[in-house]
J.: 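Structure in structure tokens, see below.
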Amino acid sequence: MINLVYNEMVKLTGKRRLVVVTVIIAILISLFTYAQYQQAIENRERYGDVDWRTALEQRIQMWESRLERNRTAEETQELEIRIAQQRYYLEHDINPSEPGAPTFVRGFVENGINLLLPLMVMVVAADIVSSEHSGGTMKVLLTKPIRRSRILLSKYVALTLSVSAIITIFGLLSAVISGLVFGFQGWNAPVLTGFAVSGGELDATSVRTLPQWEYILMELGLAWYVSLIIATITFMLSVLVRSTAAVMGIMLACLIAGTILSSMVASWETAKYLFMVNLELIDYLEDAAPPIEGMSLGFSFIVLLVWGISALAVAFVSFTRRDVY
Amino acid sequence: MTRRGKAIGWLMGAAAVSCIVWAGGLAWTMTDYFGDSPAVVAEKPPAEEEQPAAPIVADDGRLRIAALGDSLTRGAGDPEGKGYVGYMTDLLQDKLDDEIELTNMAVNGQISSELLTLLDQDSNAASQVKAADIIVLSIGGNDLFQGGQTLKRLDEANIETIELAYEQDLTTILTKLRSLNTTARIFLIGLYNPFMELEDHERTSEIVREWNFNAAEIAAAYPDTVMVPTYDLFQLQVLDYLARDLFHPNAEGYKLIGERVAALITE
């Protein structure tokens, strides 16, 4: 089995897909790093004469006075945690508007999870089976004395490995490139999490802080999961559709439809069962409201899981039963 | 070819490791997001420990008002929800130059013993009291009327038990407030008789008058502590000043009380 997977990896790397993905990610990260850097310069120019510590202290004071006239316990608690967070910045001499590499990684994963990462994964997954058809190698492969399901399984394992590698490359590259510019400080900076949305209102009763590295690990875990599900769905299409271009087209349409839908489906409730509106898992860790009432991390997780498992089942059934000629 | 083969071997190994790491990250997220409520609770105390540390600033040209007590201070019955505290603050804002900071810690239905618990256990309430320049306090209405239950038992013995308990609590409350804050002016809002139009009004009025008298006597034992009467405000046209529940004041009634308290507050 390992040899089969190895064989698949040889084919996969032979197509230089991982290299392409790495290059694309590296270029994008450099671009965004540069953009952030410009932003930091502009901030410094604009607020140059105001020390950021003074600004922070002012903000803390403002929140504290708001604390004093506060009525609800929840709001009080949230404010207290926010104040504690700002105090941390002060004490550890971190300028929150000029963050280090960890903050960049955090933001980048957050923004990449619903489109960029799925696209990258798709590049690898789209032709993993269909290229055997178009390249004419499918028959050779199937004449080997190995069960079809094992062949497909080895392909899927290779795909899973590639997805994991892409997430790792993504995380490492963004940390390294942005770190070279911004520095590597702030791995332990506190990040707010634990918001819950109940009945359309933000429930901040269980808000707390996590060290940033922990939060990034969580984010990458979620990104990995989302990418794996997208890869699985693409994998199924790659089995069903023989043309790689068609696979890409369908997945692209789904993903882009997802980004558009998330912003406008609030009234179409059953849309929450579509996989593409459930991709932004990281939002649940933050204080963003879900696109549709009643969605939560658990809900999205299960919807994606169901899609993933069904896609895998369809792929295996179709691949093992179909006539190839 | 072998070099490439090795590289792919390494890649597979690294990918397998990252696969495990990210799956671990995912599992962590899930356990953190779902289970783990003890961890949430465990992290709460540090946040609360911050409360006493929250600096209560000394004299900075602001007038800090801490409002304590029952629904009267909360503003129940006022469509605008301001209550006498709100109207009083409005008036003071016009009258004084100082910026007014109001903290309303009143709870609907609060009785004197509950207010005591609040002062003893809520460190935030205590620090607000410490910081206040003015403390307004309305307590006793729920002790006495018990949501109207007392009207059924107006006999001397029953009223006396209620009143004795209340007087003890009030003494403890005022002592507590004074020990927290030696300088603030304390305004204790007296009771009015919301049942002025009911059949037993002679008896209820008598009880309320006596109640207020005793409260004033207790308040007099503390420096800078004023018992503000409201009985007279509602005496003649009680129905004009009561909300639909015929117990709480309406906006007009609250305005009368607010004006009265505001008149007592000068720089």
Side-chain angles (χ1 to χ4, degrees), chain A residues 2 5-6 9-10 12-14 18 61 64-65 67-71 73 76-77 80-81 83-84 87 157-158 160-169 171-172 193-194 196 205-210 214-225 227-228 281-282 284-285 296-298 301, chain B residues 1 4-5 7-9 11-34 36-37 39-44 46-51 53-57 60 62 64-67 74 99-106 122 124 127-128 131-132:
Chain A
I2 288 208
V5 175
Y6 177 80
M9 285 305 277
V10 171
L12 213 144
T13 46
L18 282 179
Q61 263 175 20
E64 264 168 0
S65 67
L67 252 185
E68 277 168 40
R69 63 186 101 98
N70 229 329
R71 295 182 177 195
T76 310
Q77 200 191 354
E80 272 165 7
I81 290 173
I83 289 172
R87 286 238 172 85
V157 172
T160 309
L161 289 177
S162 314
V163 168
S164 312
I166 288 175
I167 299 292
T168 310
I169 292 169
L172 281 183
T193 185
T205 39
S206 54
V207 167
R208 67 221 140 90
T209 52
L210 284 179
E214 227 178 285
Y215 192 81
I216 290 174
L217 184 62
M218 287 180 162
E219 277 193 343
L220 285 172
L222 290 177
W224 175 79
Y225 179 70
S227 305
L228 193 63
L281 294 185
I282 293 174
Y284 297 119
L285 298 184
S296 68
L297 182 56
F301 183 85
Chain B
M1 193 58 206
R4 193 170 158 236
I8 292 172
L11 176 68
M12 277 173 70
V17 170
S18 40
C19 180
I20 293 165
V21 171
W22 302 139
L26 179 67
W28 192 1
T29 315
M30 285 305 164
T31 48
D32 187 87
Y33 189 84
F34 291 106
D36 243 31
S37 28
V40 176
V41 177
E43 288 206 21
K44 270 183 185 171
E48 276 180 28
E49 272 169 32
E50 294 246 325
Q51 279 179 351
I56 295 308
V57 200
D60 56 355
R62 292 181 182 191
R64 288 167 210 274
I65 302 177
R74 188 81 268 172
E99 196 185 326
I100 294 173
E101 264 185 27
L102 170 69
T103 315
N104 195 334
M105 289 166 285
D122 189 339
N124 183 42
S127 56
Q128 295 298 347

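So that the names make sense, note that chain A is the first sequence line, chain B the second, and so on, each numbered from 1.
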J.: Quick check: closest heavy atoms across B:Met12 and A:Ile2, and the distance to 0.1 Å?
T.: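 Scanning both residues completely, I find the closest heavy atoms to be CE-O, 4.4 Å.
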J.: In terms of heavy-atom proximity below 4.5 Å to chain A, should B:Leu11 be classed as side chain, backbone, both, or neither?
T.: side chain
J.: I need the B:Ser18 OG to A:Leu161 CG distance, nearest 0.5 Å.
T.: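 Those atoms lie 8.0 Å apart.
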J.: Is a donor on one side and an acceptor on the other found under 3.5 Å between the side chain of A:Tyr6 and the backbone of B:Gly5?
T.: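 Present.
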J.: What are the two closest non-hydrogen atoms of A:Phe301 and B:Met30, and how far apart are they?
T.: CD1-CE, 2.9 Å
J.: Measuring heavy-atom distances to chain A, does B:Ala23 have an atom under 4.5 Å in its side chain, in its backbone, in both, or in neither?
T.: both
J.: Tell me, side chain or backbone of A:Leu281 under 4.5 Å from chain B's heavy atoms, or both, or neither?
T.: neither
J.: Would you mind reporting whether B:Cys19 and A:Thr160 have side-chain heavy atoms less than 4.5 Å apart?
T.: yes
J.: With distance as the sole criterion, is a donor-acceptor pair present between the side chains of A:Thr168 and B:Trp22 under 3.5 Å?
T.: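 The criterion, which ignores hydrogens and geometry beyond distance, is satisfied for B:Trp22 and A:Thr168.
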J.: After noting the C-alpha distance and the side-chain angles of A:Leu220 and B:Leu26, does the key distance pass the side chain to side chain contact (heavy atoms under 4.5 Å, CB included) rule?
T.: CA-CA 8 Å; A:Leu220 285 172; B:Leu26 179 67; over 6 Å; no
J.: Give the minimum heavy-atom separation between A:Ala165 and B:Ala15, together with the two atoms involved.
T.: CB-CB, 4.1 Å
J.: Is there a side-chain contact between B:Ile8 and A:Leu12 in this structure, where contact means two heavy atoms from C-beta onward sitting under 4.5 Å apart?
T.: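 No; the side chains remain at least 4.5 Å from each other.
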J.: Any heavy-atom pair between the side chains of B:Thr29 and A:Tyr225 that's under 4.5 Å?
T.: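 They are not in side-chain contact.
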J.: Between chain A and each of B:Ala27, B:Gly25, B:Ala66, count heavy-atom pairs under 4.5 Å; write down the option with the most.
T.: B:Gly25
